[in-house]
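Written out below as structure tokens is the structure these notes cover.
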Number of protein chains: 2
Amino acid sequence: MTADPLGPPLTRRATLSVTLNDVASLANVSPQTVSRAIRNPELVSERTVTRVQWAISTTGYVPNLAASNLASNRSKTIAAIIPTISASVFADALHGLDAVLTPHGYQLFIGATDYSIDREEELIRAFMGRRPDGLFIVGTKHTPAATLLLRKSRIPIVEAWNWTDEPIDNLVGFSNSDAIEAIVEYVVSKGYKHPTFAASLQPGDSRALDRQESFARTVARLLPGEPPRVVDSGTGVIDMDAGVRLLDIALKRHPETDVLMFASDIFAAGALLECRRRGISVPGDLAITGFGDFEISRHLLPTLTTVAVPNVEIGTRAGELLIARMSGIGEESEMVDLGFSVVARESA
Amino acid sequence: MTADPLGPPLTRRATLSVTLNDVASLANVSPQTVSRAIRNPELVSERTVTRVQWAISTTGYVPNLAASNLASNRSKTIAAIIPTISASVFADALHGLDAVLTPHGYQLFIGATDYSIDREEELIRAFMGRRPDGLFIVGTKHTPAATLLLRKSRIPIVEAWNWTDEPIDNLVGFSNSDAIEAIVEYVVSKGYKHPTFAASLQPGDSRALDRQESFARTVARLLPGEPPRVVDSGTGVIDMDAGVRLLDIALKRHPETDVLMFASDIFAAGALLECRRRGISVPGDLAITGFGDFEISRHLLPTLTTVAVPNVEIGTRAGELLIARMSGIGEESEMVDLGFSVVARESA
DNA sequence: ATGAAAGCGCTAACAC
DNA sequence: GTGTTAGCGCTTTCAT
């Protein structure tokens with residue numbers, strides 16, 4: 001045994017946990033060999049590997065990744081920054097991201113900005129302290145300081161969801177503007193003449209703003225003379241109750257509306273169910289469209305016309321890009337447009 | 001300047017990033033003082049703090065938390081292990097957890113087990129390597145090895161969702177069995193005589209199993225002679241399509257059913273909408289109940305009778321327990337029963 | 001195939 | 001109020 005039976009003089013509280021050295025002395029090899037046996041067993045003789053594995057399970061050794069991180073300058077960690085965890089679209093993307101990263105041994109740090117770019121900056125700063133090997137972030141609008149932090153971070157970054165022509169590094173998303181344009185074109189082609197857009201403008205949610213502006217532009221182009229009617233619940237909350245409220249506002253303020261176009265399927269579902277309750281026929285009295293193609297949309301009665309967007313794929317493509325960049329394959333920043341599709345159903 | 005103008009001889013690649021030493025030499029103080037100025041500014045003179053802050057922003061210093069972790073043996077990190085990210089109930093709990101932890105400077109590691117306890121064990125092992133200061137985990141059934149790992153981890157742990165009499169450390173949840181019992185009691189009190197339970201048994205999902213067993217027990221108690229009818233979609237998937245499938249199976253196999261009791265509001269919503277589509281009157285021809293009290297349940301037509309469970313609160317209470325334990329307040333393990341409530345609406 | 005030495009960037013302990 | 005010293009547990013580099 002190479003271990004000093006008295007143990008080293010502890011000048012400072014130790015971690016109290018089993019270390020590489022403990023495993024090494026039990027296995028009668030150097031710490032270095034244990035390290036190798038764990039990470040590159042092919043460089044170590046079979047006998048030694050067996051002995052080390054025995055020592056590991058005997059001692060219950062769990063490697064300290066902070067030490068590994070510090071020594072190797074790689075954390076095997078990915079930071080993910082999203083507006084909120086409890087919105088299924090982002091949860092789906094995280095799910096996709098996690099599914100791709102886990103098999104490669106990367107672990108996910110998650111933080112929610114609550115749609116505030118100041119909070120986002122704080123989060124980025126805090127996360128950078130963990131020296132992640134890659135970063136996933138929803139959105140392309142950041143504070144100047146945040147953008148700077150990201151630019152000089154030297155790690156691969158994927159901005160997601162929005163489209164922009166000047167991403168910081170990689171971009172995976174689709175054009176919210178084009179998607180809204182497409183569904184407006186669709187309803188106009190169906191003969192609707194008086195569309196109203198219904199959203200809940202969260203300060204800081206640039207995606208919602210994009211959609212609203214795109215609506216106005218497209219109406220101006222396709223229905224000259226028609227005002228760009230927009231209603232806003234003002235709270236920023238995206239739920240079915242807000243959909244009902246938006247329906248009320250639209251009905252009262254813009255009774256001429258023949259198609260009510262919601263910025264989310266959640267709103268649309270709430271409004272649609274409320275219409276049935278009130279005896280408003282859809283699409284007879286009023287047509288309705290959504291955004292997102294949530295599962296409920298094809299189950300509603302009538303089924304909901306909406307825009308399908310690639311939530312999970314955003315996560316998986318982002319994960320693949322990160323993996324590729326972190327393993328040195330591919331040096332170029334990529335811009336991946338995952339597109340969208342108008343899903344024509346019964347409600348419009 | 002105390003800095004050596006030639007710099008130290010680099011025997012090994014440096015991180016290339018700004019370190020505490022860089023800030024210290026720019027501010028003309030010792031690294032220790034910089035550290036103090038960041039973490040306990042009240043121990044440092046105001047002038048020094050100002051100078052250090054200036055040096056930090058000049059250099060763009062971002063502390064390396066791996067090094068901090070290693071030196072201090074505290075990671076300011078919490079590990080959260082959930083069955084899947086894209087199930088709103090768990091996303092809601094994470095949201096609650098995150099909301100409580102963030103203000104205290106803790107960051108969240110997240111991993112999904114996909115309902116496999118073997119995968120869960122792997123995740124625990126990997127996460128323990130990061131030496132989290134606390135751990136949140138959904139479920140109380142783990143592999144023996146995982147249980148052992150958790151028991152000897154010396155960090156506060158919160159098991160959540162399920163109820164058990166022998167938690168590893170803390171427990172925050174409610175009794176799935178009691179909840180099912182309560183809603184069966186409710187429908188029986190309403191005069192229904194032929195209940196059928198509809199679930200999708202995911203191998204490894206002990207919560208679903210609990211519910212099913214509780215259903216059988218309660219039926220045996222309240223409706224003697226009545227068989228415990230259960231239908232199972234067999235896929236483990238929880239979505240509205242599965243709800244429709246379960247409806248089909250129940251209708252065909254157990255036409256005597258007067259109330260179809262779903263293990264999730266998602267199933268119930270799919271089935272309810274399908275009933276309307278087919279002209280089956282609810283609750284006239286068939287009553288329906290759900291589980292979870294999702295937002296959609298109070299918007300459906302008819303509104304859905306269900307059981308409300310405290311998703312977000314599970315996360316926030318867990319967060320509070322962890323914070324308390326990590327700051328040394330409270331040494332005792334706690335068991336928090338957050339309860340549930342039957343929400344009587346129109347569908348049953 | 002294995003080991004020895006050095007050091008990653010930070011904080012704890014103790015001095016002054 | 002501030003500095004000095006000695007590590008935290010691992011990986012890298014270089015020897016053998």
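Proteins get letters first, then strands, A, B, ... in listed order; numbering begins at 1 in each. As the structure is a prediction and not an experimental result, all values here were calculated from the model.
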Between [atom2] on [N] and [atom1] on [X], what's the gap in Å once rounded to a whole number?
{"X": "A:Arg74", "N": "C:dC8", "atom1": "CZ", "atom2": "P", "result": "18 Å"}
{"X": "B:Asn40", "N": "C:dA13", "atom1": "CG", "atom2": "P", "result": "13 Å"}
{"X": "B:Asn69", "N": "D:dC8", "atom1": "CG", "atom2": "C1'", "result": "9 Å"}
{"X": "B:Asn21", "N": "C:dT11", "atom1": "CG", "atom2": "P", "result": "11 Å"}
{"X": "B:Leu20", "N": "C:dC8", "atom1": "CG", "atom2": "P", "result": "13 Å"}
{"X": "B:Asn28", "N": "D:dT2", "atom1": "CG", "atom2": "C1'", "result": "13 Å"}
{"X": "B:Asn73", "N": "D:dC10", "atom1": "CG", "atom2": "C1'", "result": "14 Å"}
{"X": "A:Asn64", "N": "D:dG7", "atom1": "CG", "atom2": "P", "result": "18 Å"}

### hbond_proxy B:Arg47 side chain to D:dG1 base (donor-acceptor, 3.5 Å cutoff)
no
#### Entry: Side-chain donor/acceptor contact of A:Gln32 with base of D:dT11 under 3.5 Å
no
### Query
When you match A:Ala66 and B:Val49 each to their closest nucleotide on DNA chain D, which lands nearer the 5' end?
B:Val49
Would you mind telling me which of [options] lies closest to the side-chain atoms of [X]?
{"X": "B:Ser45", "options": "D:dT2, D:dT11, C:dC10", "result": "D:dT2"}
{"X": "A:Thr48", "options": "C:dT2, C:dG3, D:dT2", "result": "C:dT2"}
{"X": "A:Tyr61", "options": "D:dC10, C:dC10, C:dA5", "result": "D:dC10"}

OP1 or OP2 of [N] under 4.0 Å from side-chain N/O of [X]:
{"X": "B:Ser35", "N": "C:dT11", "value": "yes"}
{"X": "B:Ser72", "N": "C:dT11", "value": "no"}
{"X": "B:Ser68", "N": "C:dT11", "value": "yes"}

Base, sugar-phosphate or nothing for [X]? Non-hydrogen atoms, less than 4.0 Å.
{"X": "A:Thr33", "value": "sugar-phosphate"}
{"X": "B:Pro31", "value": "nothing"}
{"X": "B:Arg39", "value": "sugar-phosphate"}

### Query
Which value, rounded to the nearest 0.5 Å, describes the distance between A:Arg51 atom CZ and A:Thr58 atom OG1?
12.0 Å
### Query
Would you find a donor on one side and an acceptor on the other, under 3.5 Å apart, between the side chain of A:Lys76 and the backbone of A:His104?
yes
### Query
Is it true that B:Asp169 and B:Arg325 have a side-chain N and a carboxylate O under 4.0 angstrom from each other?
yes
#### Entry: Side-chain donor-acceptor contact under 3.5 Å, A:Ser17 with A:Asn64
no
#### Entry: Neighbour count >12 (heavy atoms, 6.0 Å) for atom CD, B:Glu42
yes
